[in-house]
Asks: 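Input: one structure, supplied below.
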Amino acid sequence: MAQLSDDCFAHGGKLMTTAEALSLLAEKVRCIAPIEIKAVPLCLGRILASDLLSSVNVPPHDNSAVDGYAVAYDDLVPGTSTVLPISERMAAGTPLPDKIKAQTAVRIFTGAVMSQGTDTVLMQEDCTLDQKGNVSIPSGIKRGANSRKAGEDVTAGTTIFSAGHSLKPQDLGLISAVGITEIPVRRPLQVALFSTGDELQNPGTTLKSGQVYDSNRFTITGLLQNLGCAVTDLGILNDDFETIRQALGEAAGKFDLILTSGGVSVGEEDHVKQAVECQGSLHAWRLAIKPGRPIALGQIGPTAFVGLPGNPVAVIVTFANFVRPLITLLSGGNIQAPHCFPVTAAFSHRKKADRREWIRVHLRNNNEGRLEAHKFPREGAGVLSSVCASDGFAELPEDLLTVEPGQTITYLPFNEVGL
């Protein structure tokens with residue numbers, strides 16, 4: 001297990017902006033996930049550990065993109081139809097033939113290798129056959145039409161994917177297309193997760209007065225699994241210092257990351273902060289954001305620790321925007337800024353200066369067919385249903401103070417941050 005530097009998350013001073021926090025993560029956090037060799041079909045969602053080069057061209061030979069007739073373009077008569085005898089028949093999988101006879105055509109099918117001497121393919125529906133078996137080719141075809149060149153998709157010697165790339169289904173297909181069967185990938189982070197709070201109960205139990213069902217643990221589990229992490233659910237811990245201290249100490253030697261929700265404030269019943277500090281180090285990142293505010297970042301021995309807020313919407317916002325890139329870096333991946341889009345606001349909103357806010361919205365077409373962002377009517381950080389009823393965030397930067405209907409704002413789709 002790789003060792004994190006003791007001051008990896010250290011920061012002092014005023015509230016951090018989002019950009020400052022992400023910059024600090026990129027500067028100080030390093031990969032801790034070991035490398036393993038896995039069969040390509042088992043690598044969906046994994047982080048590539050080294051560059052992948054192709055040793056072959058894809059396709060390996062010039063081939064036909066359609067069913068039709070392959071010819072040498074220079075054999076065609078300009079401005080009129082050309083009649084040519086058919087000298088060969090080529091189906092997909094047939095070995096590369098000898099050079100065709102001059103002034104002849106090849107009956108060819110999609111994917112078949114182009115015979116030597118041919119460079120252009122006519123679609124069969126554009127051609128006609130006479131009783132002697134000759135093909136009549138209309139004028140107007142372009143040189144090279146309907147012909148796929150060798151190496152058109154991938155050229156031998158090129159890098160198809162770089163280290164740090166998160167592998168998608170189409171990536172596995174391309175890796176297989178160049179003949180690779182096994183690849184080096186990063187092992188999934190082993191993450192321990194628990195919630196704290198005497199008021200929390202697992203779903204399925206009977207609630208007593210003052211109790212609520214725990215939801216954060218299940219939300220966070222899904223977010224972690226979307227990132228390819230192997231999650232161990234340690235359940236709910238009571239607000240007891242010794243219980244929390246012991247659980248943290250045991251997890252520190254077994255996992256790459258410990259993640260909690262709740263219990264990191266300074267109240268008399270918030271024991272997580274003290275339990276971490278007595279065994280390691282803790283730095284509370286005070287972020288200029290809403291919802292969310294503090295994230296407790298630290299470590300216990302070699303194991304990274306993240307303490308998320310207790311309110312469910314704050315958990316989602318802080319995880320999506322800060323914990324997600326942190327886990328990507330620890331896993332050896334490359335941080336990529338999510339794609340945001342300009343949309344029209346269909347709501348009014350006022351906010352404080354120097355603070356970034358994420359407003360829960362859903363998109364709807366207006367009468368002119370343009371997308372508008374509609375704000376969920378309740379803004380509280382405890383309203384989890386607001387995220388379920390929305391499809392993205394309106395991301396309001398630090399220097400924006402007001403939003404009015406008709407104004408162009410930035411829309412961040414949930415699927416860009418794993419939601």
Asks: Quick one: sort the Phe161 and His165 rings into parallel, tilted or perpendicular, breaks at 30° and 60°.
Replies: parallel
Asks: How many angstroms lie between atom CG of Leu419 and atom CG of Asp391, to the nearest 0.5 angstrom?
Replies: 11.5 Å
Asks: Suppose the criterion is side chain to side chain donor-acceptor pair (under 3.5 Å): which pairs have a residue in residues 320-331, not counting sequence neighbours?
Replies: none
Asks: Looking at Lys149, I'd like to know if its NZ atom is crowded, meaning that more than 12 non-hydrogen atoms belonging to other residues, nucleotides or ligands lie closer than 6.0 Å.
Replies: yes
Asks: Between Phe376 and Ser385, is there a side-chain heavy-atom distance shorter than 4.5 Å?
Replies: yes
Asks: State the CG-CD1 distance between Leu193 and Ile258, to the nearest 0.5 angstrom.
Replies: 11.0 Å
Asks: Check this for me: does any side-chain nitrogen of one of Arg148 and Asp62 sit under 4.0 Å from a carboxylate oxygen of the other?
Replies: no
Asks: Measuring from atom CG of Asp119 to atom OH of Tyr73, what distance do you get when rounded to the nearest 0.5 angstrom?
Replies: 9.5 Å
Asks: Can you tell whether the side chains of Glu242 and Arg245 come within less than 4.0 Å, N to carboxylate O?
Replies: yes
Asks: In terms of heavy-atom contacts, does CZ of Arg143 have more than 12 from other residues, nucleotides or ligands at under 6.0 Å?
Replies: yes
Asks: Heavy-atom count around Glu36 CD within 6.0 Å, excluding the residue itself: above 12?
Replies: yes
Asks: Would you call Lys273-Glu277 a salt bridge at under 4.0 Å N-O?
Replies: yes
Asks: When rounded to the nearest 0.5 angstrom, what is the spacing between CD1 in Ile409 and CD in Glu372?
Replies: 10.0 Å
Asks: Angle class for the Trp358/Phe322 ring planes (parallel below 30°, perpendicular above 60°, tilted otherwise)?
Replies: perpendicular
Asks: Any chance you could measure Ser115, atom OG, to His61, atom NE2, to the nearest 0.5 Å?
Replies: 12.0 Å
Asks: Would you call Glu398 and Arg355 a salt bridge, using N to O less than 4.0 angstrom?
Replies: no
